[in-house]
S.K.: 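Supplied in structure tokens, the structure appears directly below.
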Amino acid sequence: MRRTRARRLILYLRQRQLLGARLRKEGLARILDCPLEEFRPLPHAKGPAVVILQTDALDHRVVSVPGGGKINLRRLMAREAVDLLGVEEVALGWRPLGVSEEEGVEREKVLLFACKREEILRINALLEHAGIEAVEILSALDLLVEFGKRAVGNLPSLLVVFDGDLIHCLFFKEGIFGFHRVFPALAEEVPHELTMELQRSIYYAKQRFKSPVSHLKVALAPPWFGEEMLGALREALQVPCTLIPSKGPGGYPGDLGLLGLLAEEPGLLEPLSPILAPEVMRRRHMRKLAFLSTSVELLLLGLVATAIFLLRDSLMADRELLDTYVQSFHALDGAIAAKQGDLKELERLKKASNLVREIVAQRPSLVPVMIDVAQALPTGAHLESMKWISPVDPKGPKAQKASQPPPVMGGAEPGRLEVEGKVDLKDPSARYELFSLFLEELRRHHDPKDVKAKTEELLDRGRFSLSLPVTVGAK
């Protein structure tokens, strides 16, 4: 799929930091650099954009497929993505890497990249709120692999790419991507740590791929990485090391991260495979279908009118054209009917949102507490339910339902908000630490004694529940 010239805005999400650049005639210029959650609408950063992801939420796997076999690649990649992430709801993409021989059998290598669907939807929603339409979401590793194919050649090689506070290391053999490692670049320790990491990569390539590294190439090197550092690497690794020079006199811009690879080669985006959640794809497909349906209808009307005018003496020809016209409309009706399920789902969501609006209007005092919970909730955890518990004693003679707070004379009567959620992290200690931060943040806004927590299932299943005080005034 070819990226059009109209798509001049390119975004790079590196972990939680969002870099943005505008593609102009003179090159790529940075226009924003901020955390994704703090991104707000900007007049110079809006409209359609290509988004490149380098986050822990996006995982990768090289899949071997039997060569020449009749395999449904889409179904196979979907199964591999579910196995890779451990969840059913995934967004994925893939790209063929080439054919290699394994134990005397030719196997096709495919690079799979997958992410939880909810994470893609979250990123897309944050960008849409800031006025940006993510026309394509791409993998940073896919970009690195495409660049490496063009840069390293067929010899077994390591490609090192500097990316701000990260360093990427990729191995290629016979032009086919083998593995990828990424590690932090600490300014004081880069030379020593880089040498150690490259030695590990060379050793792994020799053990895993039975091939010694014959060359090492470095791209987007910072100013301090010069011939002296290259000489030290050659001596330590016993491998030829070279810098990949810029095609222009200015060098790659050091403040763009991996977008620096596009500064002089925008064509790197052309062969990349997009990764989108099905909901986003369906929404765009419906917009295209509506536009195409109108265009097809107008085109058919024009063709029929022209046919009647030019072939008015040929009744049979007119009749055939009209039959074709009717069949096209029937096909269009079928396509519209197939989308009725989507329209019903939208209606259901509308009713649900109206119900939430009514409940919040009846109990406005719930809103600040809900906002406190939402703002304190860290990345890596999610809420599953919220409910308000009425303070009224149900045994009283005129007890009212929990959904309708009783009138109170002279002020408000306290209730409680019950919250249930789950920490998504796999490591029990990490779950406990993340939940502790969440609980500590809530207790900053409420009396610590009033914030009650239940964590019996936190370490085993990641589940927790909280109870917070709420003052609910009479309506």
Side-chain angles (χ1 to χ4, degrees), residues 1-4 7 9-21 36 39 48-63 65 72-97 108-128 132-149 163 166 168 170 177 179-180 182 257-259 261-262 266-288 379 424:
M1 177 170 56
R2 184 173 182 81
R3 279 82 180 171
T4 63
R7 301 175 184 176
L9 181 59
I10 304 175
L11 303 179
Y12 176 35
L13 181 59
R14 182 173 60 203
Q15 301 302 354
R16 298 178 60 185
Q17 194 73 11
L18 184 66
L19 292 172
L36 175 62
F39 184 36
V50 174
V51 183
I52 302 173
L53 296 185
Q54 167 62 42
T55 70
D56 293 336
L58 183 62
D59 211 344
H60 305 82
R61 173 181 289 178
V62 176
V63 181
V65 180
N72 188 322
L73 195 58
R74 180 180 296 274
R75 186 176 302 172
L76 175 62
M77 291 300 107
R79 289 201 303 266
E80 291 284 343
V82 171
D83 178 67
L84 177 63
L85 299 177
V87 296
E88 294 291 334
E89 301 295 324
V90 299
L92 70 153
W94 66 88
R95 67 173 293 167
L97 297 175
E108 182 178 359
K109 300 290 187 179
V110 180
L111 176 61
L112 166 69
F113 34 92
C115 185
K116 291 182 180 178
R117 186 181 302 176
E118 62 185 22
E119 179 67 11
I120 293 294
L121 294 178
R122 183 186 74 86
I123 294 172
N124 192 69
L126 289 172
L127 293 177
E128 284 187 349
I132 288 179
E133 179 190 4
V135 292
E136 286 174 344
I137 299 180
L138 308 173
S139 165
L141 179 57
D142 200 11
L143 174 65
L144 286 166
V145 170
E146 181 61 29
F147 176 79
K149 283 175 54 181
D163 178 18
L166 298 176
H168 299 267
L170 296 87
F177 167 73
F179 66 83
H180 167 241
V182 58
L258 291 187
L259 296 185
L261 300 176
L262 306 175
L268 285 173
L269 292 179
E270 298 293 338
L272 304 189
S273 299
I275 170 174
L276 287 175
E279 290 86 348
V280 179
M281 297 174 66
R282 188 183 304 118
R283 203 157 55 232
R284 292 175 185 166
H285 178 69
M286 291 178 67
R287 288 201 297 263
K288 290 179 181 179
T379 302
D424 301 318

S.K.: When you look at Leu143 and Leu138, which way does the side-chain contact (heavy atoms from CB on, under 4.5 Å) test go after all the steps?
M.R.: CA-CA 8 Å; Leu143 174 65; Leu138 308 173; over 6 Å; no
S.K.: If you compare all heavy atoms of Leu112 against all heavy atoms of Ala81, which two are closest, and at what distance to 0.1 Å?
M.R.: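 Shortest heavy-atom separation between Leu112 and Ala81 comes out as CD2-N, 3.7 Å.
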S.K.: Only counting residues at least two apart or in another chain, list the ones meeting side chain to side chain contact (heavy atoms under 4.5 Å, CB included) with Ala21.
M.R.: Leu28, Leu256, Leu259
S.K.: To the nearest 0.5 Å, tell me how far Leu92 CG sits from Ser273 OG.
M.R.: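 Spacing of CG (Leu92) from OG (Ser273) equals 10.5 Å.
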S.K.: Quick one: which of Ile123, Ile132, Leu19 gives a side chain to side chain contact (heavy atoms under 4.5 Å, CB included) with Leu11?
M.R.: Ile132
S.K.: Just how far is it from atom OG1 of Thr55 to atom CD of Gln17, taken to the nearest 0.5 Å?
M.R.: 13.5 Å
S.K.: Within this structure, what is the CG-NE2 distance for the pair Leu170 and His180, rounded to the nearest 0.5 Å?
M.R.: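 Between Leu170 CG and His180 NE2, I get 5.0 Å after rounding to 0.5 Å.
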S.K.: Side-chain contact, heavy-atom cut-off 4.5 Å: Ser139 with Leu58?
M.R.: yes
S.K.: From Phe177 CZ over to Arg95 CZ, what is the distance, rounded to the nearest 0.5 angstrom?
M.R.: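 If I round to the nearest 0.5 Å, the distance is 10.0 Å.
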S.K.: Find out whether Arg16 and Leu36 are in side-chain contact, i.e. whether some heavy atom of one side chain is under 4.5 Å from a heavy atom of the other.
M.R.: no
S.K.: Walk me through whether Leu141 and Val182 qualify under side-chain contact (heavy atoms from CB on, under 4.5 Å).
M.R.: CA-CA 10 Å; Leu141 179 57; Val182 58; over 6 Å; no
S.K.: Please report the interatomic distance CG(Asn72) to CZ(Arg79), rounded to the nearest 0.5 Å.
M.R.: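 The CG atom of Asn72 sits 8.5 Å away from the CZ atom of Arg79.
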S.K.: Using a strict cut-off of less than 4.0 Å between a Lys/Arg side-chain nitrogen and an Asp/Glu carboxylate oxygen, indicate whether Lys116 and Glu119 qualify as a salt bridge.
M.R.: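 The answer is no: the pair does not qualify as a salt bridge.
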S.K.: Quick one: closest heavy-atom pair of Ala134 and Val51, and the distance?
M.R.: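 Shortest heavy-atom separation between Ala134 and Val51 comes out as CB-CG2, 3.9 Å.
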S.K.: For the residue pair Pro48 and Val135, what are the closest heavy atoms and their distance?
M.R.: CB-CG1, 3.7 Å
S.K.: Does some side-chain heavy atom of Leu272 sit less than 4.5 Å from a side-chain heavy atom of Leu268?
M.R.: no
S.K.: If the condition is side chain to side chain donor-acceptor pair (under 3.5 Å), which residues does Glu80 pass it with, not counting sequence neighbours?
M.R.: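 Glu80 satisfies side chain to side chain donor-acceptor pair (under 3.5 Å) with Arg61 once adjacent residues are dropped.
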S.K.: Looking only at heavy atoms, what is the nearest atom pair of Ile120 and Ala91, with distance?
M.R.: CG1-CB, 3.9 Å
S.K.: Roughly how far, to the nearest 0.5 Å, is CD of Gln54 from NE2 of His168?
M.R.: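 Rounded to the nearest 0.5 Å, the NE2-CD separation comes to 4.5 Å.
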S.K.: Looking only at heavy atoms, what is the nearest atom pair of Glu136 and Pro274, with distance?
M.R.: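 Distance-wise, the nearest heavy atoms are CG-CB, 4.4 Å.
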S.K.: If the plane angle is over 60° it's perpendicular, under 30° parallel, otherwise tilted; pick one for Phe113 and His60.
M.R.: tilted
S.K.: A side-chain contact here means heavy atoms from C-beta on lying under 4.5 Å apart; do Phe39 and Leu126 qualify?
M.R.: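 Result no, sub-4.5 Å side-chain heavy-atom pair not found.
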S.K.: So, does Asp163 use its side chain to make a donor-acceptor pair with the main chain of Leu166 at under 3.5 Å?
M.R.: no
S.K.: Can you name the side chain to side chain donor-acceptor pair (under 3.5 Å) partners of Asp56, sequence neighbours left out?
M.R.: Gln15
S.K.: Find out whether Leu261 and Leu144 are in side-chain contact, i.e. whether some heavy atom of one side chain is under 4.5 Å from a heavy atom of the other.
M.R.: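 Yes, at least one pair of side-chain atoms sits under 4.5 Å.
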S.K.: Check whether any side-chain heavy atom of Leu97 sits under 4.5 Å from a side-chain heavy atom of Val62, and report yes or no.
M.R.: yes
S.K.: So, do Trp94 and Leu73 sit near enough that their side-chain heavy atoms are less than 4.5 Å apart?
M.R.: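 SC-SC contact between Trp94 and Leu73 confirmed.
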S.K.: Measuring only between side-chain heavy atoms, which start at C-beta, is Ile10 closer than 4.5 Å to Leu262?
M.R.: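 Side-chain contact under 4.5 Å: yes.
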S.K.: Taking Arg14 for its side chain and Leu258 for its backbone only, find out whether a donor-acceptor pair lies under 3.5 Å.
M.R.: no
S.K.: Identify the heavy atoms of Cys115 and Ala57 that sit nearest to each other, and give their distance.
M.R.: SG-O, 3.6 Å
